[in-house]
Q: 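Let me give you the structure first, and then I'll get to my questions.
The first residue in the sequence is number 1, and the count goes up from there. Being a predicted model, the structure only gives us computed values, none of them experimental.
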Amino acid sequence: MPNITAVLARVVVPDLDAAIPLYQALSGATEVQRFTFADVELASIGPFLLLSGPHAVRYNNRVATLLVNDLGPVIRDITEAGGDILDGPNPAPNGVRLIARNPDGAVFEYIETR
């Protein structure tokens, strides 16, 4: 069974309320999960994770958010490959969060959702 259960495209938007209808239409999703993290407003809509607010751009360096069953194998695989754990694991509004940089320089956010 694969550990990664979903990949969310991260999109920084200037106005969360104005952006939500487009991303609902694009994804066909009717459900919108809104929450805050630090000083950032977020909305999860289908395969999209929208970020908004004056501090949202500081999170724009992540390639994507990956939802996983277990962070243990993620940590092992990244460190064995020569990557770095940049932050976490830490509790977050939607699970346990980890930020990691792969050896190629790509930075991903991982959320353990189990």
Side-chain angles (χ1 to χ4, degrees):
M1 172 180 209
N3 192 31
I4 296 174
T5 61
V7 177
L8 302 177
R10 300 169 62 90
V11 184
V12 175
V13 298
D15 182 336
L16 199 60
D17 292 322
I20 286 173
L22 170 62
Y23 288 92
Q24 282 183 295
L26 290 171
S27 67
T30 56
E31 184 178 340
V32 176
Q33 296 178 353
R34 292 183 72 150
F35 54 97
T36 58
F37 180 76
D39 293 331
V40 179
E41 294 179 72
L42 297 105
S44 179
I45 306 166
F48 299 103
L49 181 62
L50 307 183
L51 298 88
S52 187
H55 302 288
V57 293
R58 71 177 165 203
Y59 298 101
N60 206 21
N61 69 332
R62 280 110 172 151
V63 173
T65 296
L66 305 170
L67 305 183
V68 299
N69 290 318
D70 187 357
L71 285 174
V74 172
I75 294 167
R76 181 196 67 228
D77 292 346
I78 289 170
T79 55
E80 285 180 1
D84 300 301
I85 305 305
L86 302 177
D87 186 31
N90 296 312
N94 51 347
V96 179
R97 176 179 169 272
L98 172 82
I99 306 297
R101 181 177 42 237
N102 292 352
D104 59 19
V107 176
F108 290 89
E109 174 183 52
Y110 296 86
I111 304 287
E112 183 179 274
T113 58
R114 63 180 166 136

Q: Between Ala43 and Val32, which heavy-atom pair has the shortest distance, and what is it?
A: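 Closest approach of Ala43 to Val32, heavy atoms only: CB-CG1, 4.0 Å.
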Q: Rounded to the nearest 0.5 Å, what separates atom CG in Leu67 from atom CD in Glu112?
A: 11.0 Å
Q: If you look at every heavy atom in Asp15 and Asp17, which pair is closest and at what distance?
A: OD1-N, 3.0 Å
Q: Starting at OG of Ser27, measure out to CG of Leu22 and round the result to the nearest 0.5 Å.
A: 9.0 Å
Q: If only atom types and distance count, is the side chain of Asn90 paired as donor or acceptor with the main-chain N or O of Arg97 below 3.5 Å?
A: no
Q: Nearest 0.5 Å, what's the CG-CZ distance between Leu50 and Arg34?
A: 9.5 Å
Q: Which heavy atom of Thr113 sits nearest to which heavy atom of Asn94, and what is that distance?
A: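 Smallest interatomic distance, heavy atoms only, reads CG2-O, 4.3 Å.
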Q: Can you tell me how far the CG atom of Leu26 sits from the CZ atom of Phe48, to the nearest 0.5 Å?
A: 5.0 Å
Q: If only atom types and distance count, is the side chain of Asn102 paired as donor or acceptor with the main-chain N or O of Asp104 below 3.5 Å?
A: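 Looks like no, no N/O pair under 3.5 Å.
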Q: Look up atom CG in Asn61 and atom CZ in Arg10, then write down how far apart they are to the nearest 0.5 Å.
A: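 So the CG of Asn61 and the CZ of Arg10 are separated by 8.0 Å.
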Q: Are Val7 and Leu71 in one and the same hydrophobic cluster, where Ile, Leu, Val, Met, Phe, Trp and Tyr link if side-chain heavy atoms are under 4.5 Å apart?
A: yes
Q: Does atom CZ of Arg62 have more than 12 heavy-atom neighbours, drawn from other residues, nucleotides or ligands, at distances under 6.0 Å?
A: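 For Arg62, atom CZ is crowded (more than 12 foreign heavy atoms under 6.0 Å).
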Q: Side-chain heavy atoms nearer than 4.5 Å, only ILVMFWY residues, links allowed to pass through others: does that put Leu66 and Ile85 together?
A: yes
Q: Indicate the atoms forming the closest heavy-atom contact of Ala29 with Gly46, along with that distance.
A: CB-N, 3.8 Å
Q: Is it the case that one hydrophobic cluster holds both Ile111 and Phe37, taking links as side-chain heavy atoms less than 4.5 Å apart, direct or via other members?
A: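 Yes, because Ile111 and Phe37 connect within a single hydrophobic cluster, where side-chain heavy atoms sit under 4.5 Å apart.
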Q: Could you tell me whether a side-chain N or O of Asn3 sits under 3.5 Å from a main-chain N or O of Val68, the two making a donor and an acceptor?
A: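 Judged by distance alone, no pair lies under 3.5 Å.
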Q: In this structure, would Leu51 and Val11 fall into the same cluster of hydrophobic residues linked by side-chain contacts under 4.5 Å?
A: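 No, Leu51 does not connect to Val11 through the hydrophobic network.
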Q: Any link between Val57 and Ile99 through a network of hydrophobic side chains (Ile, Leu, Val, Met, Phe, Trp, Tyr) touching at under 4.5 Å?
A: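 No, no single cluster joins them.
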Q: Check Pro103 against Ala81 and note the closest heavy-atom contact, atom names and distance.
A: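 Of all heavy-atom pairs spanning Pro103 and Ala81, the closest is CG-O, 3.1 Å.
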Q: Atom CG of Asp84 and atom CD1 of Ile78: how far apart are they, to the nearest 0.5 Å?
A: 9.5 Å
Q: Could you check if a side-chain atom of Thr5 sits within less than 4.5 angstrom of a side-chain atom of Asn69, using non-hydrogen atoms only?
A: yes
Q: Report yes if the side chains of Thr65 and Ser44 come closer than 4.5 Å at any heavy-atom pair, otherwise no.
A: no
Q: Might you point out which heavy atoms bring Arg101 and Leu86 nearest each other, and give the distance in Å?
A: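 For Arg101 versus Leu86, the nearest heavy atoms are NH2-CD2, 3.5 Å.
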